[in-house]
Protein chains: 2
Amino acid sequence: MKMRPAAYVMLGMIGLGARSGYAIKKLADLSTRFFWPTSLAQVYPELGRLEEAGLLTRKSKLEGKRERFDYELTEVGEEKLVEWLRSPKEAETQFRDEGVLRLFLADRLPPDDQLALVRRLRKRVHEAGAHTREEIVPLAEALERGGTRFPAQVARLRADTYAYTEQWLERLESELEP
Amino acid sequence: MKMRPAAYVMLGMIGLGARSGYAIKKLADLSTRFFWPTSLAQVYPELGRLEEAGLLTRKSKLEGKRERFDYELTEVGEEKLVEWLRSPKEAETQFRDEGVLRLFLADRLPPDDQLALVRRLRKRVHEAGAHTREEIVPLAEALERGGTRFPAQVARLRADTYAYTEQWLERLESELEP
DNA sequence: GTGTGCATGTAAGGAGTTACATGATTGC
DNA sequence: GCAATCATGTAACTCCTTACATGCACAC
C-alpha cells in the first residue's frame, strides 16, 4: 500500500484518541491542518485503505439505520507510524501564500498602496497568531498535561513564528510610512 | 478569463524582465518558487491564455527551424497586475511540511529518536537559511540596487524567519538533550 | 562529437477540493 | 418542530506534477 502523509495523519489522530472519521477530521482541523491540511473527502477512502492493509481495525456499531465505526490502531499500524516518524525521507516543504506573492511584486504599486498591503499582511498575521495563542495552544497544553508534549511544542513554535513575523512586518511598515 | 495566482507570477516575471517562457521559469525558481511554486508545464499554456486575453504580446523570432518568443506586458496586462496587487481577496495560506507533521506526532518515539528528529529538522532549516542568504538574498539585492525593492524585503523576511526558527529548534534540542 | 544549457511544448496521471447526498441525535 | 452537530460517504472537477518529445547553440 502506498503510504502518503495523509495516511499518517489518520494513524496519528487515532493514536491521539479520535475514534470516528468525523472525529479525526475535527481533531485534524485543530492541529495538523496548519502543516498538513486534510479534507473530509480524503478521510473515509484513506481509512478504508488503511483497514484493508491491516494498519487499523474498524468495529461497526449500528445506530438506527446508519452504520457507525470505531477505529483503533493495530500493532502493525503503530509500528508503521513509528517507522515513518523515524525515517528521514521527506518531500520538500511547500508553502503557497498570495500575500507574500503580492509583497514580492509590490514595487508596481504607488507608495500608499504598498503601505496598505503591508498593513493588511500584518493584520492577517496578527489574527492568525491570536487564533493560535487563544484556541490552539490551550488545547495542545491540555494534551501536554496528559503527557503528550509535542503538539504543544508545535503550537508554540507556530505562535512564536507568527509573533516574530508580525514584528518584522511592523518594522517594514514603519519604514514605509511617510 | 480566470486569473489564478500563477497568471500573476507570469505577468510579474515578465515585468521583472524575463522575456521567454524558459526565462520566466528560471527566474520564478529563484524567487516566487518559495511562496508560489510553478512548474514548466504550467508556464506555456498559461502564457497562451494570457496572450489570448490580451494581457501580453508574444513576438515570434525564428531561430533555425525552432520558433522562439519574446513576451511583453500590454497596458491591460500591467493594469490587471496592479489591480490584483491592490485587491484584498485571498485564498488561505497553505503550508505542507512532513517534518512538522512528524514533530507533532513525535511523542510516539523513544527519547533518542525524538532528539534525532529535532536535529534533522534544525539541519534542514539551517540549510534552507544558508541557501537563502547565500543565493537568493544577493540576487534580490542586485534588483534592489536597480530600484526594485520588494524582492529583497521578501528574501530578507525569509532569511530572518529561517534564522529565528533555527534558534527555536536549537532551544528545543537542548531541552531534549539528556 | 558530446554534454550542458536554452527553449517550447504535450499527455497522462495524481492529489486534493468542492459539492452533493443521506440520516441520527441533541439542545433550544 | 427546527437548527446545529454528529456522522458516513461519493462524484466531478481542478490544479499541478512527472514524464516525454523535440531541437538549437555553445563550450570543451
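This one's a predicted model, so the numbers in the text were calculated from it and none came from an experiment. Convention: sequence-line order gives letters A, B, ...; per-chain numbering from 1.
Side-chain contact between A/Pro5 and B/Arg96: absent, with no pair of heavy atoms (C-beta onward) separated by less than 4.5 Å. Side-chain atoms of B/Arg120 and A/Pro88, non-hydrogen and from C-beta on, do get closer than 4.5 Å to each other.
Across D/dT8, C/dG9, C/dT18, the shortest atom-to-atom separation from the side chain of A/Ala41 is found for C/dT18. Nearest to the side-chain atoms of A/Trp36 among the listed nucleotides C/dT8, D/dT8, C/dG16 stands C/dG16.
Atom-to-atom, CD of A/Gln42 to P of C/dG16 comes out at 5 Å; the value is rounded to the nearest Å. Between the C1' atom of D/dA7 and the CG atom of A/Leu27 lies a distance of 16 Å, rounded to the nearest Å. Here the C1' atom of nucleotide D/dC15 and the CE atom of B/Met10 are 13 Å apart, to the nearest Å. Rounded to whole angstrom, the span from the NZ atom of B/Lys25 across to the P atom of D/dT17 amounts to 8 Å. The CD atom of B/Gln94 sits 13 Å away from the P atom of D/dC15 (whole-angstrom rounding). Distance B/Lys26 NZ to C/dT8 P: 12 Å, rounded to the nearest Å. Rounded to whole Å, the distance from CG on B/Leu40 to C1' on D/dT22 is 14 Å. For the pair A/Glu67 CD and D/dC6 C1', the interatomic distance rounds to 16 Å; values are reported in whole Å.
The aromatic rings of A/Phe95 and B/Phe95 sit perpendicular to each other, their planes meeting at more than 60°, with 30° as the lower class boundary. Relative ring orientation between B/Phe104 and A/Phe35 is described as tilted, the plane-to-plane angle lying within the 30° to 60° band.
Under 3.5 Å, the side chains of B/Arg156 and B/Thr132 contain no donor-acceptor pair of N or O atoms.
Heavy atoms of A/Arg19 sit nowhere under 4.0 angstrom from any nucleic acid atom. Note on B/Ser20: only backbone sugar-phosphate atoms sit closer than 4.0 angstrom, heavy atoms only; bases stay farther off. Nucleic acid contact for A/Lys2: sugar-phosphate only, since backbone atoms but no base atoms lie under 4.0 Å from a heavy atom of the residue. Backbone-only contact: A/Arg96 has heavy atoms under 4.0 Å from sugar-phosphate atoms and none from a base.
For B/Tyr22 and C/dT8, the shortest distance from a side-chain N or O to OP1 or OP2 is not below 4.0 Å. Using a 4.0 Å cut-off, some side-chain N or O of B/Tyr44 falls inside it from OP1 or OP2 of C/dT8.
Residue whose closest nucleotide on DNA chain D sits further toward the 5' end, between A/Pro45 and A/Arg68: A/Arg68.
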